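Encoded as structure tokens, the structure appears first; notes follow it.
Order of the sequence lines fixes the chain letters, A, B, ..., with proteins taken first and strands second; residue numbering starts at 1 for each chain. The shown structure was predicted, so the numbers you read here are calculated from the model rather than taken from an experiment.
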Amino acid sequence: MDRRAELEGRTRYEAAEVEGRIFAGWRDDGLFDADPAIPGEPFCIQLPPPNVTGSLHMGHALNGTVQDLLIRWRRMEGRNVLWQPGTDHAGIATQMVVERELAKEGLSRHDLGRDAFVERVWAWKEQTGSTIIEQYKRLGASMDYGRERFTMDADYARAVQDVFVALHAKGWIYRDEYLVNWSVPLATAISDLEVEHRDVDDALYEVAYPVEGGGEIVIATVRPVTILADVAIAVHPDDERYRDLVGRMATVPLVGRQVPVIADERVEIGFGTGALKITPGHDPTDFEIGRDHGLETLSAIGLDGRLTDLVPEWEGLDAEEGHARAVERLRETGALRAEHPYRHSVGFCSRSGARIEPLVSLQWFCRMDELAAPAIDVVKSGQVRFHPERMAKIYLDWMEAIRPWCVSRQLWWGHRLPVWFAPDGSYVVQVDRPEGDGWEQSTDVLDTWFSSALWPYATLGWPERTPSLERWYPGNVLVTGRDIINLWVARMIMTGIEFAGGIPFTDVYINSTIQAADGRRMSKSLGTGVDPLELIDRYGADATRYGLLKMCSTQDVRFAEGMIDEGRGLANKLFNATRLVLLNADPEARPAPNGLEAADRWILDRLAATIAEVTADFAAYRFSQATKALYAFVWNEFCDWYLEAIKARLYGDDAASKRAASETALLVIERTLALLHPVMPFVTEELWAYLPERAGPLARAPFPSADGLPRDPVAAAAVDAVIEAVQGARRLRQDADLGPRHPLSAVLAGDDDGALAAERALLDALGAITLVVQPEPGPAVPLPAGRATLHVQGAELADKLRGRLERRLAEARAEQAKAQGKLGNAKFVERAPAEVVAEERERAERFGRDAAELEAQLAALGGD
RNA sequence: GGGCGGUUAGCUCAGCUGGUCAGAGCACCUGCUUUACACGCAGGGGGUCGGGGGUUCGAGCCCCUCACCGCCCA
């Protein structure tokens with residue numbers, strides 16, 4: 001049934017009225033459902049699982065748009081696609097959210113106890129956990145929603161435990177008492193990657209330690225309170241100043257402890273006084289030095305952030321109070337020798353924002369060297385490629401200096417370690433509770449990233465060899481943000497190689513980070529966030545997608561709402577262009593490359609070029625360039641020129657000409673809708689249904705190919721010549737106040753290939769220009785490109801035209817001078833390639849000719 | 001402290017291997033109720049491509065250097 005008449009009154013594309021219906025259509029059609037049994041080369045993208053607490057922000061929107069573009073494109077190419085969705089349990093983040101909920105009831109998680117709290121988190125997850133996945137639907141994301149996974153699903157959890165047990169069996173996971181990044185408010189260790197470094201203004205204190213046998217040694221510290229836990233003084237072995245003191249004992253102020261003066265190359269001679277107090281319990285470098293020198297580790301600050309009973313009279317003070325008291329006492333005793341303002345970099349907990357307290361505690365670590373080695377190779381050898389390429393450096397730099405990963409967290413929400421303690425304190429590592437009584441499972445949970453590291457295969461049923469795993473592992477492209485290259489991407493590659501038999505994907509596309517319009521980070525707390533759902537409400541999903549793709553590049557970008565508005569304009573333009581054709585085309589016409597006239601051959605040529613360009617852009621992740629090419633084709637070439645060119649034919653009586661225009665226009669629309677579909681799925685799908693004889697949804701239609709579309713350089717050149725002539729005529733009319741359709745006559749000059757002569761009908765249709773042999777007397781203006789001189793009737797126009805001609809003359813002379821200048825340079829003529837010189841010569845001649853002609857016309861106008 | 005990226009029209013950005021590359025969208029100005037679209041049509045103004053130096057016949061495009069902005073790592 002032909003529904004064209006429905007379009008009659010719809011002069012605007014109203015996204016809000018269309019998108020819900022179109023999305024439901026895709027769902028009912030089963031478009032999203034992936035089936036491993038379907039033939040076709042597989043193509044798989046794993047959605048980076050958003051935090052289960054999350055809601056869609058601009059980063060997700062861009063990330064999702066890129067993935068949907070790739071998925072839709074490959075689906076149309078006939079690939080058997082899977083876009084795997086799901087969410088991450090996000091240990092710390094989720095625990096914090098639920099604790100905040102509890103706080104509203106005046107409760108803490110400790111009031112509930114661990115089991116009840118975890119139950120509460122599950123309840124919260126069941127209620128609100130899929131919010132963000134629902135939000136992806138607004139964007140048009142064509143992922144397989146039926147396959148949604150969660151990193152704490154039972155079988156997923158089992159996979160996580162298996163991996164832990166396997167890594168332990170290899171000896172790579174081990175338990176150790178080590179200095180870790182401790183987040184006091186969260187009361188847990190966190191990994192190096194969860195620490196953010198920021199510059200802080202502190203004071204640097206110089207403190208004197210008396211040395212045995214007389215004299216003293218002055219050290220510099222920013223944390224005098226840790227003096228309580230000093231176990232040595234270290235100097236550089238080459239430091240002449242202190243050479244005599246090495247080996248003697250010094251007295252620690254405040255506590256009077258006797259500690260040795262040692263030599264170690266890790267001490268920086270130039271920093272502070274060159275002498276370093278060694279506090280293995282509270283500083284990473286000191287910890288290393290302490291271990292190497294067999295020093296004791298003392299803890300002045302405990303896991304609760306308060307001073308320990310190491311010095312009983314200080315016990316219970318918080319770190320800040322301890323700091324103040326230490327400074328005060330040092331000052332009183334005269335040990336404090338100097339105090340300087342000092343700006344330095346300090347670690348903060350990325351979750352709580354608290355200053356990291358480096359503390360010693362018993363944790364589980366995973367040594368990474370063996371896992372990293374093959375994962376470095378696959379990137380270096382190009383088996384896994386980063387886009388843009390330079391992002392591989394972030395990965396390699398970190399991987400090549402990789403350190404053990406602290407995988408245990410003292411949280412309640414997460415994967416409990418598969419570690420079982422006997423009453424005597426011994427333990428076994430296995431998934432199931434051991435036989436017998438008294439076994440207690442470890443109360444620690446795993447770092448969230450430990451479980452997300454398994455995402456590409458655990459979502460597909462690993463360790464079972466499921467049909468989905470066989471079909472879609474490895475996947476193809478990972479689309480993600482730069483900030484989690486090491487946190488997540490690296491770990492997926494490492495565990496994928498170790499456990500799933502190979503790399504999890506071949507390409508990693510790092511999408512831009514979108515900043516707020518003022519260049520700051522886009523964040524809710526700063527008030528700089530822009531809600532993508534609100535943009536979808538206001539502009540439509542297609543416009544939002546278009547704008548995000550247009551914005552994104554190989555670097556960070558500032559959010560520019562104008563680009564989304566541009567997308568809305570494009571959707572509307574496309575909608576109306578399609579209306580024009582459908583409402584005026586020959587009803588019998590079907591899409592066909594009917595190149596009856598030059599204009600038809602020209603637009604088919606442009607369409608073929610656009611298809612080639614866009615396809616290449618998609619393949620190279622140049623999404624911004626693709627949107628640009630699509631926009632220029634739809635708006636400037638198809639609407640501004642082709643549709644204007646064929647209007648007269650569509651409305652006219654020449655049946656063959658009307659038929660050709662109709663068939664060509666329908667073909668262009670058909671291919672354009674398909675080409676644009678991965679970017680703007682809704683409006684293209686909506687319009688597709690109005691094309692004659694549509695069997696299925698556009699989302700399942702083949703992606704257009706430039707093959708079979710006739711390229712026609714001759715027609716392209718002819719129409720380009722007409723366009724130049726028409727634009728020249730428009731400028732002339734505007735300058736001369738003539739009105740847009742004021743008739744002009746043109747005398748050919750330099751139309752050597754006969755392009756204008758052949759297209760006189762088109763010249764007339766588009767530009768109201770009549771070709772004549774013998775011009776009427778009157779003002780005349782040459783076209784910029786040569787080819788013709790435009791003549792205007794009416795000598796009273798002389799004054800209006802003079803200014804224009806003079807301007808054109810100046811331009812022509814300037815260009816001519818520029819070209820002649822180059823040609824006058826002997827070295828240029830000698831060394832530049834022949835074709836460049838020839839081109840320059842041609843320019844000089846052309847502009848010289850134009851200038852001469854303009855001078856003649858100015859003379860003919862009379863006056864001064 | 002080490003590294004990466006950026007600085008092009010009022011704004012947000014394109015400019016691939018150096019030679020019509022000085023561009024787009026928005027904003028601005030001037031005309032248009034031209035029977036697809038005023039979320040429109042046509043025309044126009046506007047930038048010594050961050051500063052300085054260098055290589056080259058020729059440099060936003062290559063090299064050096066400085067300044068500023070952003071990010072990553074330690």
With sequence neighbours left out, the residues meeting salt bridge (Lys or Arg N to Asp or Glu O under 4.0 Å) with E830(A) are none

Sorted by chain and number, sequence neighbours left out, side chain to side chain contact (heavy atoms under 4.5 Å, CB included) with K628(A) holds for none

When rounded to whole Å, the CE to P distance for the pair M563(A) and C13(B) reads 7 Å

All heavy atoms of A375(A) vs all of I493(A), minimum pair found to be CB-CG2, 3.8 Å

Per nearest nucleotide of RNA chain B, the residue lying toward the 5' end, V829(A) or C552(A), is C552(A)

Per-nt protein contacts along nucleotides 67-74 of chain B (heavy atom under 4.0 Å; B base, S backbone sugar-phosphate only, - none) come out as ---SS-SB

- Task: Remember a base hit wins even if backbone is also touched, and classify K550(A) as base, sugar-phosphate or nothing at under 4.0 Å, heavy atoms.
- Result: nothing

Here the distance between atom C1' of C37(B) and atom CG of L643(A), to the nearest Å, is 11 Å

Judged by nearest nucleotide, the residue sitting upstream toward the 5' end of RNA chain B, G569(A) or M551(A), is M551(A)

What does the list of N/O pairs under 3.5 Å between the protein and nucleotides 26-32 of chain B look like, with a distance for each?
residue : atom : partner : partner atom : Å
U30(B)  : O2   : Q734(A) : NE2          : 3.2

Please list each protein N or O that sits under 3.5 Å from an N or O in nucleotides 6-8 of chain B, with the distance.
none

- Query: With the threshold set at 4.0 Å, does a side-chain nitrogen-carboxylate oxygen contact exist between D397(A) and R390(A)?
  - Reply: no

Against the side chain of N572(A), the closest entry in G25(B), C37(B), G40(B) is C37(B)

For this session: For C41(B), take OP1 and OP2 only and decide whether either is under 4.0 Å from a side-chain N or O of K573(A).
Result: yes

Over all strands shown, is E830(A) touching base, sugar-phosphate only, or nothing at heavy-atom distances under 4.0 angstrom? nothing

With sequence neighbours left out, the residues meeting salt bridge (Lys or Arg N to Asp or Glu O under 4.0 Å) with K573(A) are none

Answer yes or no: does a side-chain N or O of R12(A) lie under 4.0 Å from OP1 or OP2 of C39(B)? yes

For A768(A), the side chain to side chain contact (heavy atoms under 4.5 Å, CB included) test, sequence neighbours excluded, returns R733(A), R741(A)

With the side chain defined as heavy atoms from C-beta on, E839(A) is closest, among G15(B), G40(B), U20(B), to U20(B)

With a 4.0 Å limit, can you tell me whether R731(A) has a side-chain N or O closer than that to the phosphate oxygens OP1/OP2 of G43(B)?
no

Among the nucleotides G19(B), A14(B), U20(B), whichever has the atom closest to the side chain of R843(A) is U20(B)

Using modelled atom types and a 3.5 Å cut-off, is there a donor and acceptor pairing between side-chain atoms of R545(A) and backbone atoms of V679(A)?
yes

Sorted by chain and residue number, the side chain to side chain contact (heavy atoms under 4.5 Å, CB included) partners of E14(A) (sequence neighbours excluded) come out as R12(A), E17(A)

Check this for me: does any side-chain nitrogen of one of D556(A) and R482(A) sit under 4.0 Å from a carboxylate oxygen of the other? yes

Review point. So does R538(A) pair up with E534(A), basic N to acidic O under 4.0 Å?
Key: yes

Side chain to side chain contact (heavy atoms under 4.5 Å, CB included) filter on A490(A), not counting sequence neighbours, yields Y395(A), W398(A), M399(A), M494(A)

Note to self: Ring centroids only, cut at 6.0 angstrom: are Y621(A) and H387(A) within range, meaning strictly under it?
What the structure shows: yes

Rounded to whole Å, the CG-P distance (L570(A) to G40(B)) equals 11 Å

Those residues at least two apart in sequence (or on a different chain) that pass salt bridge (Lys or Arg N to Asp or Glu O under 4.0 Å) with D764(A) are none

Rounded to whole Å, CE of M391(A) lies from C1' of C4(B) at a distance of 8 Å

Pairing string of RNA chain B (Watson-Crick or G-U wobble, both atom distances under 3.5 Å; | = paired to other strand) is (((((((..((((.....[...)))).(((((.......))))).....(((((..]....)))))))))))).

With sequence neighbours left out, the residues meeting ring pair (Phe, Tyr, Trp, His ring centres under 6.0 Å) with F682(A) are W26(A)

